[in-house]
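Working notes, structure below.
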Amino acid sequence: MSNEAVLHTPSSYAVHDDHAHDHHHHETFITKYVFSQDHKMISKQFLITGMIWALIGGLLSVLFRLQLGYPDSKFPWLQDLLGKFWVEDGRITAQAYYALVTTHGTVLIFFVLTAGLSGTFANFLIPLQIGARDMASPFMNMLSYWFFFAASCVMFSSLFVETGPFSGGWTAYPPLSALGQASPGSKTGMDLWLISMALFVVSTLLGGLNYVATVLNMRTKGMSMTRLPLTIWALFFTAILGILTFPVLFSGFILLIFDRNFGTSFYLSDLYVNGTVLPNEGGSAILYQHLFWFLAHPEVYIVMLPAMGMVSEILSINSRKPIFGYIAMVGSLFAITCLALIVWAHHMFVTGLNPFLGSIFVLFTLLIAVPSAIKVFNWLTTLWRGNIRFTPGMMFAIGFVSLFISGGLTGIWLGNSALDIHLHDTYFNIAHFHLVMGVASFFGMFAGVYHWYPKMYGRQLNNTLAYIHFWVTMIGAYLIFWPMHYEGLAGMPRRYYDYSIWESFKQFAELNRFISTVVIIVFATQFLFLFNFFYSIFKGRKVTNTNPWGANTLEWTTPINPGHGNWPGEIPEVHRWAYDYGKDDREFIPQTEPVGANESHH
């Protein structure tokens with residue numbers, strides 16, 4: 001059998017079908033909804049857990065924006081609601097402010113945009129789009145979710161310890177993270193943070209290994225690698241990035257645990273705490289930064305690549321055109337994956353990095369703009385003169401492209417070591433990071449949810465609520481983060497508790513108040529999405545067409561509500577690539593349709 005075909009024989013279909021039938025026959029509530037080994041149910045578990053964390057992370061940002069926008073105002077009701085650790089005399093305390101910023105960054109980057117995005121759509125789409133009954137290891141897949149759930153529980157519990165959650169920033173730099181006596185937020189909260197992140201890394205590795213094994217070994221007959229949808233390519237490269245980089249972060253955490261609890265000095269040297277000389281010698285906090293950023297810069301693409309893949313798919317389907325430059329799109333995904341591994345030190349230009357090494361990292365950082373620009377060009381060309389359908393998923397996909405362009409352009413500034421000396425750790429950094437990674441990735445996630453919701457739940461979301469959700473979120477994102485570029489150019493540093501005591505930054509008081517007000521409005525708008533999502537599961541308009549978007553990929557050949565095993569009979573055979581739209585006077589041609597003798601070539 002050729003390498004393009006995969007690895008299901010007709011006899012294996014029968015075995016799988018019998019197994020699926022038996023599995024359905026013996027399922028209980030626990031095995032179907034809790035400890036499920038069905039990739040579709042596990043994807044929903046990742047999605048809903050990620051949505052809960054997005055709500056918590058968004059709420060934390062609203063709380064610290066209250067402090068930044070209204071530093072002289074008092075909110076007595078917050079003290080009654082949250083308690084004295086968080087709010088004292090009607091104002092958020094300094095310790096609580098840093099805990100809010102730290103937890104906000106941690107949970108949104110790792111629990112929402114990594115687990116919530118990749119965990120949801122890799123689980124849901126990989127078997128359906130490559131033509132597999134399930135993941136290579138359904139049991140390992142189930143474990144990946146429950147390790148994530150355990151990590152969530154530990155992180156959530158840190159919000160309730162007496163000394164508060166970890167408050168040293170989501171990057172957890174030593175010595176704040178390595179010394180329990182450094183601050184109240186470096187005590188029990190930091191231990192819980194480390195335990196939670198270790199569990200999260202295990203979850204990510206279990207999932208990533210499963211995704212790679214499934215894509216390589218379980219494609220249906222005819223599904224060659226060059227016929228894979230771009231969503232699968234993006235999720236495949238994302239999994240590889242995670243497998244290569246998360247162990248490095250884990251090793252950094254292990255050394256941090258030793259420094260905290262066993263008297264070692266991997267990251268500590270020549271320190272004084274309250275006038276007391278610590279015995280630690282020979283360590284370097286810079287070592288931690290190397291280990292952390294070797295993961296944390298690829299983490300940007302671990303978050304971005306799935307969104308890029310889904311946006312490519314949605315733009316092509318709703319433009320009714322083939323994706324422009326399929327091979328170039330795959331090549332750019334590969335180039336981004338490779339370059340992501342060798343640019344980490346551009347986060348460290350201000351640490352005393354050797355200038356020659358700095359110039360090397362500047363070069364690689366600017367080079368990564370090339371495959372990113374290829375993707376943008378191909379997205380815009382796919383849209384050009386297309387017969388565009390402005391579905392909610394399409395709106396968020398176009399919004400993603402807009403945010404990726406505007407946020408990505410400022411990365412060229414930060415990638416220049418000379419400019420970065422001025423802009424590092426200012427609001428310019430915050431604005432770039434949130435636009436290009438945070439909000440853009442959220443838009444990719446929203447696009448995916450709106451597009452594949454009919455396949456997930458067999459019902460349609462309410463379009464009116466979806467359009468309101470899009471426009472308020474899109475406009476709000478630019479109103480929040482675009483002004484921050486100007487604050488950053490003026491040198492306004494991030495993570496400061498109260499800017500009103502600085503003469504240099506008093507000029508931004510009204511702007512900060514405006515940003516905080518928009519944050520509250522945008523956060524409130526997300527409840528429209530939550531209502532639409534959960535209400536539509538039970539009361540949404542039922543899907544009556546197995547292929548409501550007129551798409552070509554295999555997930556739309558399953559029943560409206562597919563069971564465990566996805567296809568009731570044999571898995572369809574693939575005969576063509578995924579993007580035959582507007583070809584030979586036909587609006588779309590599914591991958592399962594054989595190529596005609598007189599058919600034109602794409």
Give a yes or no on whether the ring-centroid distance for [X] and [Y] is below 6.0 angstrom.
{"X": "Phe156", "Y": "Phe160", "result": "yes"}
{"X": "His485", "Y": "Phe481", "result": "no"}
{"X": "Phe292", "Y": "Trp344", "result": "no"}
{"X": "Phe111", "Y": "Phe200", "result": "yes"}
{"X": "Phe237", "Y": "Trp233", "result": "yes"}
{"X": "His424", "Y": "Phe349", "result": "no"}
{"X": "Tyr453", "Y": "Tyr457", "result": "yes"}

Taking all heavy atoms of [X] and all of [Y], pick out the closest pair and write down the distance.
{"X": "Val303", "Y": "Ser441", "result": "CG1-OG, 2.9 Å"}
{"X": "Ile92", "Y": "Gln67", "result": "O-OE1, 4.0 Å"}
{"X": "Phe523", "Y": "Gly58", "result": "CE1-C, 3.5 Å"}
{"X": "Ile430", "Y": "Arg494", "result": "CD1-CD, 3.5 Å"}
{"X": "Val436", "Y": "Met304", "result": "O-SD, 3.0 Å"}
{"X": "Ile368", "Y": "Ala340", "result": "CD1-N, 3.9 Å"}

What distance separates [X] [atom1] from [Y] [atom2], expressed to the nearest 0.5 Å?
{"X": "Ile480", "Y": "Ile515", "atom1": "CD1", "atom2": "CD1", "value": "8.0 Å"}
{"X": "Leu81", "Y": "Gln79", "atom1": "CG", "atom2": "CD", "value": "11.0 Å"}
{"X": "Asp72", "Y": "Asp498", "atom1": "CG", "atom2": "CG", "value": "6.5 Å"}
{"X": "Leu117", "Y": "Phe46", "atom1": "CG", "atom2": "CZ", "value": "11.5 Å"}
{"X": "Leu125", "Y": "Lys40", "atom1": "CG", "atom2": "NZ", "value": "12.0 Å"}
{"X": "Thr351", "Y": "Trp293", "atom1": "OG1", "atom2": "CH2", "value": "12.0 Å"}

Atom [atom1] of [X]: over 12 foreign heavy atoms under 6.0 Å:
{"X": "Tyr486", "atom1": "OH", "value": "no"}
{"X": "Phe334", "atom1": "CZ", "value": "no"}
{"X": "Tyr497", "atom1": "OH", "value": "yes"}
{"X": "Arg495", "atom1": "CZ", "value": "yes"}
{"X": "Tyr535", "atom1": "OH", "value": "no"}
{"X": "Phe147", "atom1": "CZ", "value": "no"}

Sub-4.5 Å side-chain heavy-atom contact between [X] and [Y]:
{"X": "Thr231", "Y": "Ile126", "result": "no"}
{"X": "Val439", "Y": "Phe400", "result": "no"}
{"X": "Tyr98", "Y": "Pro165", "result": "no"}
{"X": "Leu305", "Y": "Thr337", "result": "yes"}
{"X": "His347", "Y": "Asn429", "result": "no"}
{"X": "Ser157", "Y": "Leu192", "result": "yes"}
{"X": "Val107", "Y": "Phe110", "result": "no"}
{"X": "Met155", "Y": "Thr106", "result": "yes"}

Item checked: Verdict with supporting geometry, Thr391 and Trp549, side chain to side chain donor-acceptor pair (under 3.5 Å) -> CA-CA 9 Å; Thr391 66; Trp549 309 124; over 6 Å; no
Checklist line | Between Ser402 and Tyr478: side-chain donor-acceptor atoms closer than 3.5 Å | finding: yes
Check: For residues Ser536 and Gln460, is any side-chain donor paired with an opposing acceptor at under 3.5 Å?
Finding: no
Checklist line | Member of Phe446, Phe396, Phe529, Phe442 meeting the ring-ring contact (aromatic ring centres under 6.0 Å, His included) criterion with Phe470 | finding: Phe396
Margin query: Determine whether Val248 and Leu295 satisfy the following criterion, side-chain contact (heavy atoms from CB on, under 4.5 Å), listing intermediate values before the conclusion.
Written below: CA-CA 7 Å; Val248 178; Leu295 167 276; 5.5 Å; no
Next item on the list: Say whether, by atom type as modelled, one donor and one acceptor occur between the side chain of Asp420 and the main chain of Asn416 under 3.5 angstrom.
Entry: no
Note to self: So does Val370 get a backbone contact from the side chain of Lys375, meaning a donor-acceptor N/O pair under 3.5 Å?
What the structure shows: no
Note to self: Which residue is it: Tyr579, Phe324, Tyr581? I am looking for the one with a side-chain contact (heavy atoms from CB on, under 4.5 Å) to Thr382.
What the structure shows: Phe324
For the residue pair [X] and [Y], does the interplanar ring angle fall in the parallel (under 30°), tilted (30 to 60°) or perpendicular (over 60°) class?
{"X": "Phe505", "Y": "Tyr499", "value": "perpendicular"}
{"X": "Phe148", "Y": "Tyr145", "value": "perpendicular"}
{"X": "Trp77", "Y": "Phe75", "value": "perpendicular"}

Margin query: Checking Glu313 against His451 for the side chain to side chain donor-acceptor pair (under 3.5 Å) test, could you report, in this order, the C-alpha distance in whole Å, the side-chain angles of both residues, the deciding distance, and whether it holds?
Written below: CA-CA 10 Å; Glu313 181 80 5; His451 184 75; over 6 Å; no
Next item on the list: Dump the intermediate steps for side-chain contact (heavy atoms from CB on, under 4.5 Å) on Glu299 and Thr245, then the final yes or no.
Entry: CA-CA 8 Å; Glu299 173 68 13; Thr245 56; over 6 Å; no
Would you give me the side-chain donor-acceptor pairs under 3.5 Å for residues 408-415, sequence neighbours excluded?
residue	atom	partner	partner atom	Å
Thr410	OG1	Gly407	O	2.7
Thr410	OG1	His432	ND1	3.0

Next item on the list: Begin with the C-alpha distance, continue with both residues' side-chain angles, and end with the deciding distance and a verdict on side chain to side chain donor-acceptor pair (under 3.5 Å) for Ser158 and Trp193.
Entry: CA-CA 7 Å; Ser158 73; Trp193 190 93; over 6 Å; no
Margin query: Pair Ile520, Arg65 - check side-chain contact (heavy atoms from CB on, under 4.5 Å), show working.
Written below: CA-CA 9 Å; Ile520 294 169; Arg65 281 306 317 185; over 6 Å; no
Next item on the list: Verify side chain to side chain donor-acceptor pair (under 3.5 Å) between Gln95 and Thr93, making sure each step is shown before the conclusion.
Entry: CA-CA 5 Å; Gln95 179 66 32; Thr93 65; over 6 Å; no
Next item on the list: Carefully, step by step, assess Phe443 and Thr473 under the rule side-chain contact (heavy atoms from CB on, under 4.5 Å).
Entry: CA-CA 9 Å; Phe443 269 57; Thr473 307; 3.6 Å; yes
Next item on the list: Could you walk me through whether Phe361 and His346 pass ring pair (Phe, Tyr, Trp, His ring centres under 6.0 Å), step by step?
Entry: CA-CA 6 Å; Phe361 281 97; His346 69 210; 7.9 Å; no
